[in-house]
Number of protein chains: 2
Amino acid sequence: MKKGERRKSELTEKMVKYILANGIQSASLRNLAKAAGTSDRMLLHYFTDKEELLTVVLSTISKQLILMLDHTEIEQKTFSHMVRYLYQMMKDPEIKPYMKLWLELIAIASKKEDPYYRIAREIGNHFYGFYKETLKVEEGEEQEKMAALALVMVEGVALLESLDFDEHILSAIEGLEGVRR
Amino acid sequence: MKKGERRKSELTEKMVKYILANGIQSASLRNLAKAAGTSDRMLLHYFTDKEELLTVVLSTISKQLILMLDHTEIEQKTFSHMVRYLYQMMKDPEIKPYMKLWLELIAIASKKEDPYYRIAREIGNHFYGFYKETLKVEEGEEQEKMAALALVMVEGVALLESLDFDEHILSAIEGLEGVRR
DNA sequence: ACAAAAGTGTAGCGAGTGCTACATTATAAT
DNA sequence: ATTATAATGTAGCACTCGCTACACTTTTGT
């Protein structure tokens, strides 16, 4: 890797941390530059404009999140175990910033503007793929449908967790288990 | 009602429409003023500052959404009928702006700052209350738990619908019905 | 009728935004 | 060693933001 590219990814790495901690909203060039220990002038030297910069940074974050999922070497889980497990996982202080950013990305992406829309769908599809691989289906269940159901449930859990609706989440999981008894 | 208050709610009404159409993100005082047919100067005459203005406007929108829910004079629905029904409902062009705004509000509220956090929780609680009243439980189901489950599912559906994941949503609903057969 | 209060226009401040022009220095390629 | 390329600093532009100061008119209350 050339020296310039190395510097570029150094900067990217620090900006990733800043955006995870502070959100896209407060990611001005000057804020990002301060966090990366450089100047806005230099950011625009390495990136053509802010859009390309955010594309790179958000893609990096998305890759990290996907890697974390793939490296979650958990044994196959049944449906409700999976929901419980991911609910606990998203309360982890290391994971939480990713979930907050995920929600922010959804809100922005709902205007269908790239790169946000594209990246959000990419992440969503990886979530689905993860469920399809990791879900242990029981008799009478179909893999794809249960994976889709897990996707819906976990997204709902993530949304409600951000509003501290933990009691409702737990109650919902119990309701789910009651139904499939 | 005094004349001033009447004018204030006229302005509020127009700003409600603007924010439903364009989101909180682009709701600057100047944009809002233009949409309401007045000047930013006058907005700050009727409202003490932008925060109070947004509190009033967002509360109004929240009340509208809640009223729409309450006036949905539907017969009691079983769980999966409810999910299907609300999924169709949120594709209605009249409802969709509310859902987009709901997602935007969630993203902002996740920083726990008032008035956003407070309003978002208020709306969430009304959703839950709606399910608790409208869900027809079947034997072996508990009202509260099924309402919570509906809450989680519908929020998940709303999130994924904004990313156009309609196939996964439908597949999830089928999976759900398969499970409770 | 007169005073108090509410309504409205114009103009601008100070801060933040993405981005650029102009300059200089450091590094790399030949 | 010379030249081309990359890296960095300083300054600032044109714009938007929330908000305010000052002035003036209109309405309202007594």
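Lettering of chains follows the sequences in order, A, B, ..., and the numbering in each one begins at 1. Only this structure's heavy atoms are used, side chains among them; waters, hydrogens and symmetry mates stay out.
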Using atom types as modelled, flag every donor-acceptor pair under 3.5 Å from a side chain in residues 147-154 of chain A to any protein atom, sequence neighbours excluded.
none

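Spacing between atom CG of A:Leu53 and atom C1' of C:dT17 amounts to 15 Å, rounded to whole angstrom units. In this structure, the CG atom of B:Leu44 is 12 Å from the C1' atom of D:dC17, given to the nearest Å. Rounded to whole angstrom, the span from the CG atom of A:Leu32 across to the P atom of C:dC19 amounts to 12 Å. Distance, A:Lys8 NZ to D:dA6 P: 13 Å, rounded to whole Å. Between A:Met42 atom CE and C:dT20 atom P there is a gap of 15 Å when expressed in whole angstrom units. The distance from atom CG of B:Leu29 to atom P of D:dC15 is 20 Å, rounded to the nearest whole Å. Note: NE2 (B:His45) to C1' (D:dT27) measures 12 Å, nearest angstrom. The CG atom of A:Asp40 sits 17 Å away from the P atom of D:dA7 (whole-angstrom rounding).
Across all strands shown, A:Asp49 has heavy atoms under 4.0 Å from sugar-phosphate atoms exclusively, and none from any base.
The listed nucleotides are D:dT8, D:dC17, D:dT20; the one nearest the side chain of A:Tyr46 is D:dT8.
Between the side chain of A:Arg30 and the base of C:dG18, a donor-acceptor pair under 3.5 Å is found.
For the pair A:Lys34 and A:Asp40, the salt-bridge criterion is not met [side-chain N within less than 4.0 Å of a carboxylate O]. B:Glu138 has no carboxylate O lying under 4.0 Å from a charged side-chain N of B:Lys136, or vice versa, which leaves the two without a salt bridge. Salt bridge status for B:Lys8 with B:Glu52: present, with a side-chain N to carboxylate O gap under 4.0 Å. The residues B:Lys96 and B:Glu161 are annotated as salt-bridged, a charged nitrogen and a carboxylate oxygen being separated by less than 4.0 angstrom.
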Which atoms of nucleotides 21-25 of chain C (N or O only) lie under 3.5 Å from a protein N or O atom, and what are those distances?
from   : atom 1 : to      : atom 2 : distance (Å)
C:dA21 : N6     : A:Arg41 : NE     : 3.3

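OP1 and OP2 of D:dT16 both lie 4.0 Å or more from every side-chain N or O belonging to B:Ser28.
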* Take A:Arg84 and A:Glu177 through the salt bridge (Lys or Arg N to Asp or Glu O under 4.0 Å) test and state the conclusion after the steps. => CA-CA 11 Å; A:Arg84 266 186 203 283; A:Glu177 287 166 350; 3.3 Å; yes
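The cationic group of B:Lys77 lies under 6.0 Å from the six-membered ring centre of B:Tyr85 and within 45° of the ring axis, placing it in a cation-pi geometry.
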